[in-house]
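Worksheet: one structure, shown below.
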Amino acid sequence: MKFGTIVLAAISMLSVGCQSQKKKVITNSDKPNILIIFPDQLRRYSAGFWSEPGYKEYVIGKSDPVYTPNIDLLAKNGVVVTKGISNFPLCSPYRGMLMSGMYPEQNGIWNNCIKGRTENLKDEVQAIPDLFLKAGYNTSYFGKTHWHITEPLFDKKGNYVGTDKEPGGNYVNTYDTYVPNGRPRHGIEYFYQSVKDDHYNPHIYSNDPGAIEGKKDGELHLPKVFSPKNEAAKIVDYLRNSRGQRDTSKPFCMMWALNPPHSPWDDGNTDMETLKEYYDTDKFPKIDHSLVVRDNASLEVAKYARNYFANVTSTDKYIGIVLDELKKMGVLDNTIVIFTSDHGEMLGSHDDEGKNVIEMEAMAIPLIVHWPKGLKKGIVDVLFSAPDVLPTVMGLAGLKTEIPAEVQGLNLADILENPLATKLKKPESLLLMLSHSRGVLTDRYTLCVNENKKATKELGETFFYDNLKDPYQFKKISLKDEPEVAKELLVQLGIKLKMANDPWYKTKKFSSLIPYPKNK
């Protein structure tokens, strides 16, 4: 498609670390900017617009009573995808799929990257920043990464020394770690990483000394600031190019991975001013079903609802600061903003908290594509999963021919651009994965096939949900109870497992149940 012309007035063309000033550059470009925003553990329906006419009709169950004016504006002026799904609702596996456009067997991440595991996004993978860097973009990353192998390569002060021998041999964090310069950063030019689930004490590493009080790349910086607030300020500074952080003759590709509303949900990790303003006892006297609205939720388990929603609203606030800066710069309308999350949050549903389960509250994620210059605002009812982000954003940016052949996700740009075009084929199903489970999601059903965790060659519980008749997934339907539906779902599962080159497909696991396609 053709893109409108954008004019950028640049104050310098300095790269990070370069000190000499150059002349101002005014350039004409038909390339849109890219901004991918993905807060951690944000439920699909934790946004205010879902309660309004035109949107509430698409909600499966009930939406949360949250205040999110900036997310709402993105939705109302962009494309809202109704069925955004985290194929593997866990931080690292999702991030591996998002970054690579490939499933875990290909990208290298089958579980969270934590101490004692070898999970790691493969260095040879061409990730989103790699590909946009090649296409002539400035690339930047702010926030949580959680795709790199966690190793004891730090000194006792948290500085990266690159060895497990003295002065190394220490971990900076059990979950997640600093990503060193080079191939592990996958083409990220400007790097501002936040490590640790400690919202008011993020552990910062950056290759911009000016952003971390003169420290070097790999040296630990502790700003003691609420992480979304801190990151928003650094992003605004980067966009303004106050110290020559980027080449303003180029468009930018930025990824922003906020940690909240991820746990912990105690008062010490919550924006308490926001909690008191929107979710305190004067607004919601009790934690009852006026606050925890879904019919399948345990109020006893969901005691942290005020804290969770407060950090959703606070995150929205700081996202708004960045969007406002883009608007002031005159580039928001020609910036492809993708707003999503790595997975949902159970918030008491099925007597559970967190994620990493097959149920809808964990799998369902927000997905908004805001690009007024290139897309008509509206709603697109389509199944859209994590590996689809890379090829779709490249397709929207006019880089369809540059999508690597090994990418397994679908380029859904045409559907976003022409949602009413009947000739465009929408996905019939999506592959769902957990460590000991596989399944598929269709427009109506969720299938789950479990292996026995203690004896993985043995079949465990196998069932499906009818999400149309049973939106809160109260009833697990046995495959024997509706054999025709079960048969079709199992066919879809076999197809998807082959497509993903999944270990279940390679070993033909449970082949007496799953009809795997034959090799050609």
Side-chain angles (χ1 to χ4, degrees), residues 38 43-45 58 60 80-90 93-107 109-110 338 340-344 355-369 380-393 395 407-416 419 424-435 437-450 462-468 471 473 485-486 488-505 514-517:
F38 53 114
R43 291 150 63 94
R44 180 193 292 167
Y45 301 126
Y58 292 91
I60 300 173
V80 175
V81 176
T82 61
K83 297 186 179 75
I85 291 294
S86 178
N87 310 72
F88 196 140
L90 195 61
Y94 169 90
R95 290 159 196 268
M97 287 185 280
L98 172 76
M99 293 289 285
S100 69
M102 295 184 286
Y103 290 88
E105 189 67 4
Q106 284 62 242
N107 66 47
I109 303 180
W110 271 107
I338 295 180
T340 187
S341 182
D342 54 352
H343 47 73
K355 63 275 185 181
N356 203 23
V357 293
I358 203 80
E359 277 68 39
M360 187 62 70
E361 289 84 359
M363 294 279 184
I365 56 175
L367 185 56
I368 301 168
V369 185
V380 176
D381 191 31
V382 64
L383 294 165
F384 197 118
S385 65
D388 302 331
V389 173
L390 182 154
T392 299
V393 72
V407 165
Q408 296 168 302
L410 299 177
N411 175 9
L412 299 175
D414 288 345
I415 290 175
L416 298 182
L424 298 176
K425 187 177 181 181
K426 295 181 179 180
E428 294 182 26
S429 62
L430 298 180
L431 178 63
L432 305 179
M433 293 168 284
L434 299 172
S435 296
S437 309
R438 299 292 187 273
V440 290
L441 176 74
T442 70
D443 284 331
R444 179 168 179 174
Y445 299 103
T446 301
L447 169 72
C448 181
V449 178
N450 289 298
T462 301
F463 62 91
F464 64 91
Y465 291 117
D466 185 332
N467 301 318
L468 180 62
Q473 300 178 322
V485 173
E488 178 55 32
L489 292 174
L490 289 166
V491 168
Q492 287 292 323
L493 177 57
I495 292 171
K496 293 300 180 183
L497 290 171
K498 180 180 179 181
M499 173 275 299
N501 191 36
D502 191 275
W504 282 30
Y505 168 74
I514 303 171
Y516 291 103

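Quick caveat, the model's predicted, so the values are computed rather than measured.
- Side-chain contact between Phe463 and Ile358 is present, with at least one heavy-atom pair separated by less than 4.5 Å.
- Of the possible polar contacts, none joining the Asp342 side chain to the Tyr94 backbone as a donor-acceptor pair under 3.5 Å is found.
- Judged purely by atom type and a 3.5 angstrom limit, Tyr516 uses its side chain to pair as donor or acceptor with the backbone of Trp504.
- With rounding to the nearest 0.5 Å, the separation of OG1 in Thr446 from CD1 in Ile85 is 7.5 Å.
- When side chains are defined from C-beta on, Met97 counts as touching Pro104, because their heavy atoms get closer than 4.5 Å.
- Once rounded to the nearest 0.5 Å, the distance linking CD1 of Ile365 with CZ of Arg43 reads 14.0 Å.
- Scanning for ring pair (Phe, Tyr, Trp, His ring centres under 6.0 Å) contacts around Phe88 gives an empty result, with sequence neighbours left out.
- For Arg438 against Met433, the heavy-atom pair with the smallest separation is CD-CG, 3.8 Å.
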Evaluation steps, side chain to side chain contact (heavy atoms under 4.5 Å, CB included), between Asn467 and Gln473: CA-CA 7 Å; Asn467 301 318; Gln473 300 178 322; 2.9 Å; yes

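- The distance from the CG atom of Leu447 to the OG1 atom of Thr462 is 7.5 Å, given to the nearest 0.5 Å.
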Derivation and outcome, side chain to side chain contact (heavy atoms under 4.5 Å, CB included), residues Lys83 and Leu383: CA-CA 5 Å; Lys83 297 186 179 75; Leu383 294 165; 3.6 Å; yes

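- Between Pro517 and Lys498, the closest heavy-atom pair is CB-CD, 3.8 Å.
- For Leu493 against Leu431, the heavy-atom pair with the smallest separation is CD1-CD1, 4.0 Å.
- In this structure, Lys496 contributes its side chain and Val440 its backbone to no donor-acceptor pair below 3.5 Å.
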Pair Gln106-Ser100, side chain to side chain contact (heavy atoms under 4.5 Å, CB included): steps then yes or no: CA-CA 9 Å; Gln106 284 62 242; Ser100 69; over 6 Å; no

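- Among Leu497, Asn87, Ile109, the single residue meeting the side chain to side chain contact (heavy atoms under 4.5 Å, CB included) criterion with Tyr103 is Asn87.
- Between Ile514 and Tyr505, every side-chain heavy-atom pair lies at or beyond the 4.5 Å cut-off.
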CA sep, side-chain torsions, deciding dist, call: Thr392, Phe384, side chain to side chain contact (heavy atoms under 4.5 Å, CB included): CA-CA 10 Å; Thr392 299; Phe384 197 118; 3.7 Å; yes

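- For Phe38, the ring pair (Phe, Tyr, Trp, His ring centres under 6.0 Å) test picks out no residue, with sequence neighbours left out.
- Looking at every heavy atom in both residues, Pro89 comes nearest to Ala362 through CB-O, 3.5 Å.
- Atom CG of residue Leu434 and atom CE of residue Met363 lie 5.0 Å apart, to the nearest 0.5 angstrom.
- In this structure, Val407 and Pro387 have side chains that are not in contact, with every pair of non-hydrogen atoms separated by 4.5 Å or more.
- When all heavy atoms of Pro515 and Leu490 are compared, the pair lying nearest together is CD-O, 3.5 Å.
- The minimum heavy-atom distance linking Leu424 with Asp414 is given by the pair CD1-O, 3.4 Å.
- For the pair Lys426 (side chain) and Asp381 (backbone), a donor-acceptor distance under 3.5 Å is present.
- Between Leu90 atom CG and Arg95 atom CZ the span is 10.0 Å, to the nearest 0.5 Å.
- For Ala364, the side chain to side chain contact (heavy atoms under 4.5 Å, CB included) partners at least two apart in sequence or on another chain are Arg44, Met360.
- Atom OG in Ser429 sits 7.0 Å away from atom CD1 in Ile495 (nearest 0.5 Å).
- With Glu105 contributing its side chain and Pro503 its backbone, the two residues share no donor-acceptor pair below 3.5 Å.
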